[in-house]
Amino acid sequence: MRYNFAKIEPKWQKKWEDAKAFQAVDFSEKKKWYGLVEFPYPSGAGMHVGHIKAYSSIEVLARKRRMQGYNVLFPIGFDSFGLPAENYAIKTNTHPHVITEKNIVHFSDQLKKVGFSFDWDREFATSRKDYYKWTQWIFLKLFDNGLVFRAKTLVNYCPHCKVVLSNEDSQGGKCDICHSDVVQLPKDVWYLRITQYADKLLYGLDDVDYPESVKQQEVSWIGRSTGAFVDFTVSPDKGGNAEKLEIYTTRPDTLYGVTFMVAAPEHPILDGMKDSITNWKQIEEYRAECAKKTEFERTQLVKDKTGVRVEGIHAVNPVNGKEIPLFIADYVMMGYGTGAIMAVPAHDQRDYDFAKAFGIDIIQVIEGGDISKEAYTGDGKMINSDFLNAYDKKKDSIEAMLNWLEEKGIGHKGVQYKMKDWAFNRQRYWGEPIPLVHCPVCGTVGVPYDQLPLELPEVENFEPGTDGQSPLAHIESFVNCSCPKCGGPARRETDTMPQWAGSSWYFLRFVDAHNDKAFADRAKIDYWMPVDHYNGGMEHVTRHLLYSRFWHHFLYDIGEVNTPEPYAKRSYQGLILGSDGEKMSKSKGNVIDPLDIVNVYGADALRTYVMFMGDYGSAAPWSDESLKGCKRFLDRTAALLDIMKDGDEDPEMEIKVHKTIKKVSEDIENMKFNTAIAALMSLINDFTKKGEISRFDLITFIKLLSPFAPHLTEEMWEELGENPDGTTFLTLSAWPEYDEAKTVDATIEIGVQVNGKVRGTIRLPKDCEKDAALSAAKEDPNVAKFLEGKTLVKEVYVPGRILNFVVK
RNA sequence: GCCGGCGUGGCGGAAUGGCAGACGCACAUGACUCAAAAUCAUGCGGGAAACCGUGCGGGUUCAAGUCCCGCCGCCGGCACCA
């Protein structure tokens with residue numbers, strides 16, 4: 001058969017679509033399987049080969065599952081709210097809605113041309129009002145349940161994009177969208193209380209099948225630590241009212257080693273005791289100096305310790321009543337713990353550095369290390385610590401101290417997280433309007449559920465205001481409204497939701513994409529959820545993945561979904577690098593457009609290549625030559641039709657075929673797609689070498705290949721007369737079975753070693769007895785040469801594996 | 001600094017502790033062709049050989065790319081987090 005991909009690919013894409021071959025059936029009797037890929041942001045640039053690789057894993061699994069008789073849900077949609085569309089709109093003066101819908105058409109066309117087996121009936125876009133109605137609905141549920149709050153704080157602000165960013169979106173002090181430096185600005189911000197779900201997000205990881213690296217990343221992002229909150233007192237030197245200064249520590253066992261305290265420069269206790277502080281001017285100067293630095297500079301550039309002693313007041317160590325000095329220093333952050341620490345220079349390197357710089361006492365309370373050189377952070381016997389001296393293990397002394405603190409009422413056990421609440425608003429146009437109303441009488445009031453969706457109004461000008469306000473703030477007809485509670489005049493919230501809102505629940509919409517009564521029908525949720533396998537990028541682990549788990553846990557808690565965790569299994573794909581080994585980027589000119597490949601080599605070659613190019617989870621550079629190798633493989637597959645012969649099954653070939661069925665089946669399950677394809681290449685080499693193939697073997701072969709190269713194999717299936725009515729598709733036929741007994745060769749070649757070095761090979765029956773194997777091995781002339789004149793010390797025979805003579 | 005992952009031919013990469021380099025690419029030679037491309041066939045870690053070879057140094061084992069100890073390098077994440 002001549003392989004005319006340009007003709008057969010559109011042909012089968014149309015037939016599959018017309019026959020709705022990939023339609024998921026709600027409540028089918030078959031076992032369900034829900035495979036999910038991260039739906040794309042429909043950018044103007046169109047699809048990237050990275051999308052193809054990201055989607056191909058679940059695509060291959062989905063096609064195999066259908067052949068295994070599962071009811072498969074493999075959906076696609078578009079994550080279509082976001083800044084790029086809005087920026088493009090500003091540049092070209094076109095409405096983002098128009099641009100987005102146009103891009104969706106383009107993306108859909110591209111996805112179809114690659115032949116992905118999505119159920120297109122469930123397609124949606126997060127920027128359409130029948131979808132964002134339910135994003136707003138869930139937001140209101142969060143609001144009603146006290147998980148939305150507003151706070152004026154220092155926020156991460158991107159001066160270029162003119163938006164406030166969440167912590168997750170400004171990692172490393174850079175804006176995630178434009179990569180410019182983020183600055184700290186005081187601002188009113190809406191937050192989602194994700195920290196309330198910290199433990200659920202942490203412990204939920206125990207119940208899901210995620211790669212260890214993904215779990216680790218979420219664990220360290222959540223950053224749970226256990227320790228103690230302890231009350232110190234701060235008093236004016238001249239007497240007067242003392243104030244409480246609470247600290248958080250993970251090492252309450254070192255309390256006897258505290259020789260000073262440090263508060264964050266912004267700490268409010270200073271303002272409260274301003275009148276007693278004798279060097280206030282110096283404090284103000286230091287505060288101003290710190291305020292100039294970004295969070296990034298304060299934390300990233302580790303440098304000499306700076307700080308100022310707060311004069312006129314002193315702190316008291318509650319365990320021994322000792323008076324100790326109080327400092328302010330920027331190595332203590334207002335945003336973690338209580339914004340103040342007890343300093344134990346003997347056992348904390350930062351405190352040690354500070355003490356050395358400021359000439360403060362260092363008192364050792366744990367034996368070990370060399371305190372004259374550096375802090376000792378290890379375990380050991382307690383010293384200089386009164387009742388704690390009885391203990392010699394950290395664990396025990398911490399527990400003893402915690403009990404003591406609680407008894408005395410000066411401290412208690414506590415937990416801290418590094419994760420912060422989720423800054424949940426953007427001052428931009430192209431996002432879900434936040435359905436809240438500010439009423440001068442009632443305060444913040446939610447838009448009634450029956451008034452959703454709160455539609456994004458039409459505007460003329462998408463430019464964000466220089467005042468850091470959303471373009472919506474300029475539309476009087478939108479802003480002015482009446483309070484849903486009291487009916488009085490009120491103003492609408494004008495910020496929109498961040499990009500991540502729509503993707504935080506989209507997997508639920510796929511189970512019931514056109515429902516206008518609920519975000520999804522509960523019975524359908526119960527049938528389809530959780531997602532059985534979700535593949536996506538490593539870059540989404542601390543954002544989309546965490547955010548969507550949070551929303552899903554919340555929906556579970558209010559009884560809307562059937563499981564706390566949305567995704568049973570997660571995997572990730574490695575990047576496709578440019579052929580120069582660098583990350584693909586427009587500026588480097590090394591970007592590959594998938595449609596260029598489809599046009600020249602065909603979708604099947606592209607699909608096969610991205611799965612063959614290397615370990616799925618690792619980055620691998622693009623190679624046109626290797627791609628051609630995969631195309632050659634498909635050409636040779638097409639040519640198998642020409643050498644098909646009727647006749648008896650060759651027993652040797654039968655074993656090869658059964659081995660390959662086993663290998664390909666298992667490798668696909670383990671996402672070792674590269675070796676699955678290699679096994680098929682190896683098998684085709686055997687067929688070609690033999691110069692003939694049986695009809696049965698050919699059918700088996702194209703079935704195994706069909707998840708990777710569905711168009712070519714479907715065409716061959718038809719050529720074989722297996723699809724007489726045009727809808728008996730190979731891609732829905734039964735996956736080949738193998739017989740375990742037929743995966744073992746009758747005779748096996750094993751290596752014969754002398755003292756661990758291979759000296760020959762022998763062919764033996766598969767369950768050859770030891771004696772027979774040994775004598776066969778000794779007959780090998782090369783082996784005999786190395787045994788000659790030596791004393792045989794030991795003979796090791798591992799049937800089917802190896803034979804080793806140990807001689808002296 | 002802490003936590004993960006990785007290090008194998010010219011390249012992408014294979015190897016439940018059991019013949020290192022499967023499969024593919026590139027390359028070489030041959031066939032076909034006036035010729036080239038395509039295709040097909042054969043070869044392809046280094047070394048003349050003994051042997052040597054999986055980042056480096058030790059160790060366990062009959063046997064180590066794989067396990068253990070100590071280093072080096074690269075990639076990703078976190079980070080004055082108390």
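Computed from a predicted model, the values in this text were never measured in an experiment. Lettering of chains follows the sequences in order, A, B, ..., and the numbering in each one begins at 1.
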- Query: With K690(A), which residues qualify under side-chain contact (heavy atoms from CB on, under 4.5 Å), at least two apart?
  - Reply: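 K690(A) satisfies side-chain contact (heavy atoms from CB on, under 4.5 Å) with D650(A), M653(A), E692(A) once adjacent residues are dropped.
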
- Item | With sequence neighbours excluded, residues passing side-chain contact (heavy atoms from CB on, under 4.5 Å) with Y376(A) |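 Y376(A) satisfies side-chain contact (heavy atoms from CB on, under 4.5 Å) with H347(A), I366(A), I371(A) once adjacent residues are dropped.
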
- Does anything in residues 248-257 of chain A reach RNA chain B, meaning a heavy atom under 4.0 Å, and if so which residues?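 Per residue number, the list reads Y248(A), T249(A), T250(A).
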
- Item | Residues within residues 798-808 of chain A bordering RNA chain B, heavy-atom distance below 4.0 Å |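 Per residue number, the list reads V798(A), R801(A), I802(A), N804(A), V806(A).
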
Distance, [atom1] atom - from [M] to [N], rounded to whole angstrom:
N: C32(B); M: C40(B); atom1: C1'; value: 8 Å
N: G21(B); M: A14(B); atom1: P; value: 15 Å
N: C56(B); M: U16(B); atom1: C1'; value: 28 Å
N: U54(B); M: A48(B); atom1: C1'; value: 25 Å
N: U60(B); M: C68(B); atom1: P; value: 15 Å

- Query: Looking at residues at least two apart in the chain, or sitting in another chain, which of them share a ring-ring contact (aromatic ring centres under 6.0 Å, His included) with F229(A)?
  - Reply: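 Applying ring-ring contact (aromatic ring centres under 6.0 Å, His included) to F229(A) gives Y248(A), H412(A).
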
- Any pair counted as salt bridge (charged side-chain N to carboxylate O under 4.0 Å, His left out), so long as it reaches residues 627-642 of chain A, sequence neighbours left out: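 Only E625(A)-K628(A), K631(A)-D635(A) qualify under salt bridge (charged side-chain N to carboxylate O under 4.0 Å, His left out).
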
- Message: Under the salt bridge (charged side-chain N to carboxylate O under 4.0 Å, His left out) definition, can you give me all pairs with a residue in residues 210-220 of chain A, not counting sequence neighbours?
- Response: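 Sorted result for residues 210-220 of chain A: E218(A)-R549(A).
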
- Which pairs, with at least one residue in residues 781-808 of chain A and sequence neighbours excluded, count as a ring-ring contact (aromatic ring centres under 6.0 Å, His included)?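 Not a single pair qualifies under ring-ring contact (aromatic ring centres under 6.0 Å, His included).
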
Mind listing the N/O atom pairs, protein and nucleotides 25-29 of chain B, below 3.5 Å?
| residue | atom | partner | partner atom | Å |
| --- | --- | --- | --- | --- |
| C25(B) | OP1 | R632(A) | NE | 3.0 |
| C25(B) | OP1 | R632(A) | NH2 | 3.0 |
| A26(B) | OP1 | E625(A) | OE1 | 3.1 |
| A26(B) | OP2 | R632(A) | NH2 | 3.4 |

- If you take all heavy atoms of A784(A) and K778(A), which pair is closest and at what distance?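 Closest approach of A784(A) to K778(A): CB-O, 3.6 Å.
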
- Task: Report yes if a side-chain nitrogen or oxygen of R759(A) is closer than 4.0 Å to either non-bridging phosphate oxygen (OP1 or OP2) of C51(B); otherwise report no.
- Result: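 Yes, R759(A) has a side-chain N/O under 4.0 Å of OP1/OP2 on C51(B).
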
- Item | Side-chain-base donor-acceptor pair under 3.5 Å for K418(A) and C78(B) |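 No pair found.
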
- Task: Grab the stems for RNA chain B, please: at least three consecutive Watson-Crick or wobble pairs, both distances below 3.5 Å, written as range with range.
- Result: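 So far as stems of 3 or more pairs are concerned, RNA chain B shows B:1-7 with B:72-78, B:10-12 with B:23-25, B:27-31 with B:39-43, B:55-59 with B:67-71.
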
Write down the protein N/O and nucleotide N/O pairs, taken from nucleotides 4-9 of chain B, whose separation is under 3.5 Å; answer none if there are no such pairs.
none

Provide a list of protein-nucleic acid N or O atom pairs under 3.5 angstrom, restricted to nucleotides 44-49 of chain B.
none

